[in-house]
Structures are given as structure tokens and as C-alpha cells.
Amino acid sequence: MKALCITDCADRPETELFIRLAQRAEQFAVISNPEGRYHALLLDAGLTVIPLKIRGRFDREATDLIRTTLYEGDYDIVHAFNSRAVTCMLRAARGHRARLLAYRGVTTGVGYGKPEAWLTFLNPRLDGIMCVAEAIQRALLDVRFLWLHLPAEKVKTIHKGHELAWYAVEPAALSELGIPAGAKTLCCISRNSAKKGALTLLDAFDNLPADLNCHLLLIGSVDSNPTVCKRVAHCAHPERIHFTGYRNDVTQILSAADLLVSASESGEGLPRVVIEAMAVNTPVVATDAGGTRELVLDGETGLLVPQRDAGALAAAITQTLQDSTAAKKRSAAARAHIEQVFNAETTAVNTFAWYQERLDSAP
């Protein structure tokens, strides 16, 4: 089998997947953005890497490079890992025999009434879609208009794989972020989006028992959201809420925190921050958003609450912090869950088997 993968700034799990696929394929190459944090790992592993930054769905230069690479290598499989790459791949591969595959990491955004979807995930030329969560697969199969729908055999769930060793870090010094000694620390990682549930979390934070002595770290670009900033100013204890902005040491902060809270109100795939918290033994309270429930098995690997329910969120946070013995038990089960179900080797085995399945289904 000859396979070509097209990505942008691949994260660590994607990078590791490419390295492991290269060990299995007769011929393997990656088209990758050289600005990516893990780009050097691909080179160090000896992979054939073609540098490219795809600037848009109609990037002619990128399309031409993909077409040249595809025809020169005569690849059997071409797998695009973001929507811009999918569009360029579909144009570049016109007339070629390769099986064209895509990657989907969220549950929302695909519909027959959306023109861009016809250029990507609903394009009939696409031969398969890899979903990182079962929730994404179900969401895609539920997309219908009259008689139009995605054939079930095209959509496959393959969880993104991790290795616990990637998250072996020294805990951060939370005092440097304004957390006083002895305080309970909650972490929430959020970009500047109402769909991440920051307002619901702040309502829940106001409802926590005062004797818990909780402080909240809001990590990410949420600090540029004026509505959130205004709400923080009107919280019962604004001095206990700390904006950190973007950080590249999130895993270290999570390792030092008492609890990760994922209050998302959007269609999550497999939230990376939840996986990171589980990998470093930090308890998790999360909303039932998209594929989160595949990570957070309620009462077993964390506590799961309904979306937009500040009361339920406050109750779950309080329960976790007041019963540390039960929380530690769930954290240990969560770490084992990541190791057993979401590991990198399983992802590589399943992905390669899916490639072969898609080849065998070719007319």
C-alpha cells in the first residue's frame, strides 16, 4: 500500500500516527506545514515530508503540489486531515484512481444546505471519513436531505491515540498565576467563544460553598471576551478568578490543579484538554458535549453533567472537591481508560486496517 497524508500543523497524536503508518506502508509520505510544533519529529523519524502551508480551500499552489505529488508517487490512499486539505485534495485528485479519505474532529458544521460541505465531507468523490469519536460518526450519518445521506460504510470511528509518556511533566507553580497556598484550583481551558460555556461556569462558580476556598484559572483567549470579563467583575469573588491568556504549559498547570472543568456547549469531538487532565491524574467534571461522554464515563472516569446547567455543574464540582477519595479513584480509572482505549498503537492499527478496507471496496 502507498499512502499520502495531508495535514497542517499536526498535533502530537497525528504526528505519532504518521510515524506508525510509515512503518506499515510500502510507501508513505506526509504533506505538512513546516511551522508545526511537531514537524521536526516527522523528519527525525526519517519520513518523506513535503513542506506546505495550505492557505485556503482554493489554494491553487497547494492543489498543484498535491496533484504533482499524487501522480508522481501514484498513491493508493490520500488522507486529508483538515477541511482546507480535503478541498484541495478533491480537486488535485480528479481522474486519479486513489481512494480519497478525510478526517473529522467535531460533530457540527456539515449539512446539505451548506455549500462548503459539498466541497468537503459531502462530496461524492470522497471515499471515507475518519471520525475521532462515535458522536461524530452518528452526527454525520444523521445529516440528511430528502433522499440524500452519507452511506454508512463511508464513515468510520477511529479514536485519536495518545501515550501517557507524552504527559509526564513537572507540575506548574500555581502561585505564579496568583493562586494562594492552600486554595483549591479549578482549571478551564477556553478560546474566545460563548460555546465553551465560560458564562455557565462562572454562574456555577458563584454557587460553590464558600468554605471550599476555590480559585478558578481561565486559560486561553477567553480573556479577550468582553462579556466574560464583565461577568467576572460581577462575580461574588472576582479576586478568585484568574485569566492567564494563552499558555504553552497547559499540561503542567493541569498536573498541579485540583480539577479540570470542561463546560463546553458545542459539538466536541474528543476534547484534548480532557485527555490531558486524565493522563496526569487530575479529576474531571465535564458537560455532556459531543464525544466527551466517550472519555468521561459518568461516575467512573469523571462526572458528566448536562450542558448549560450551572446548578448541576456546581454540584459536581463540589462533590469532587469534598470527596477526594472518590475523585482519586475516578482519576486512576480515567488514566487507565486513556491507556487502554485511546492509545497510539491501537489508532495506527485501526487506521491502517481501514485504509485496506477502503482499498478492498474500490470498484
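Quick note: numbers below take in every heavy atom, side chains included, and nothing from hydrogens, waters or symmetry partners. Keep in mind it's a predicted model, so treat the numbers as computed, not measured.
Remark: R67 CZ is packed, more than 12 non-hydrogen atoms of other residues, nucleotides or ligands lying under 6.0 Å away. More than 12 heavy atoms of other shown residues, nucleotides or ligands fall within 6.0 angstrom of atom NZ in K154. Annotation: E339, atom CD; neighbour count of heavy atoms from other residues, nucleotides and ligands within 6.0 Å does not exceed 12. Residue-environment remark: CD (E345) exceeds the threshold of 12 foreign heavy atoms within 6.0 Å. In the displayed structure, R308 atom CZ is contacted under 6.0 Å by more than 12 heavy atoms of other residues, nucleotides or ligands. Shown here is E239, whose CD atom has more than 12 heavy atoms of other residues, nucleotides or ligands within 6.0 Å.
Of the N and O atoms on the side chains of T200 and D203, not one donor lies less than 3.5 Å from an acceptor on the other residue. For the residue pair Q322 / T318, no side-chain donor-acceptor distance below 3.5 Å is found, with atom types taken as modelled. For the 3.5 Å distance criterion, the side chains of T107 and E268 fail to qualify, holding no donor opposite an acceptor. Counted by atom type alone, S262 and S264 present zero donor-acceptor pairs between their side chains at under 3.5 Å. S361 and R99 form a side-chain donor-acceptor contact under 3.5 Å, judged by distance and modelled atom types alone. Looking at H162 and Y167, their side chains do bring a donor and an acceptor atom within 3.5 Å of each other. Side-chain contact of Q356 with D360: a donor-acceptor pair under 3.5 Å is present, judged by distance alone.
A search for ring pair (Phe, Tyr, Trp, His ring centres under 6.0 Å) contacts involving H149 returns nothing, not counting sequence neighbours. Under the side chain to side chain contact (heavy atoms under 4.5 Å, CB included) criterion, T227 pairs with L199, N225, not counting sequence neighbours. In this structure, F28 has no ring pair (Phe, Tyr, Trp, His ring centres under 6.0 Å) partners at least two apart in sequence or on a different chain. With sequence neighbours left out, F18 forms a ring pair (Phe, Tyr, Trp, His ring centres under 6.0 Å) with F81. With sequence neighbours excluded, the residues that form a side chain to side chain contact (heavy atoms under 4.5 Å, CB included) with N33 are D8, C9, E35, K53. Remark: F58 pairs with no residue by the ring pair (Phe, Tyr, Trp, His ring centres under 6.0 Å) rule, at least two apart or across chains.
Distance OG1/T351 to NZ/K156: 10.0 Å, rounded to 0.5 Å.
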Practice item. Output, in order, the C-alpha distance, side-chain angles, deciding distance and verdict of salt bridge (Lys or Arg N to Asp or Glu O under 4.0 Å) for D288 and R293. Key: CA-CA 6 Å; D288 190 359; R293 65 167 54 188; 2.4 Å; yes

Practice item. Decide yes or no on salt bridge (Lys or Arg N to Asp or Glu O under 4.0 Å) for R20 and E163, but give the supporting numbers first. Key: CA-CA 13 Å; R20 295 181 185 227; E163 292 288 344; 3.2 Å; yes

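The aromatic rings of F342 and H159 are tilted relative to each other, their planes meeting at an angle between 30° and 60°.
The one candidate from V232, I241, V261 that meets the side-chain contact (heavy atoms from CB on, under 4.5 Å) condition with F205 is I241. A side-chain contact (heavy atoms from CB on, under 4.5 Å) with V284 is found for exactly one of T320, T301, V274, namely V274.
Taking 4.5 Å as the limit, every side-chain heavy atom of T15 sits out of range of all side-chain heavy atoms of D11. Contact annotation: the side chain of I19 approaches that of L42 to within less than 4.5 Å [non-hydrogen atoms, C-beta and beyond].
In this structure, H79 has its ring center under 6.0 Å from that of Y355.
When the side chains of ILVMFWY residues are joined at heavy-atom separations under 4.5 Å, either directly or via intervening members, L141 and I158 end up in a single hydrophobic cluster. Taking hydrophobic clusters as Ile, Leu, Val, Met, Phe, Trp and Tyr residues chained together by side-chain heavy-atom distances below 4.5 Å, V106 does not share a cluster with I129.
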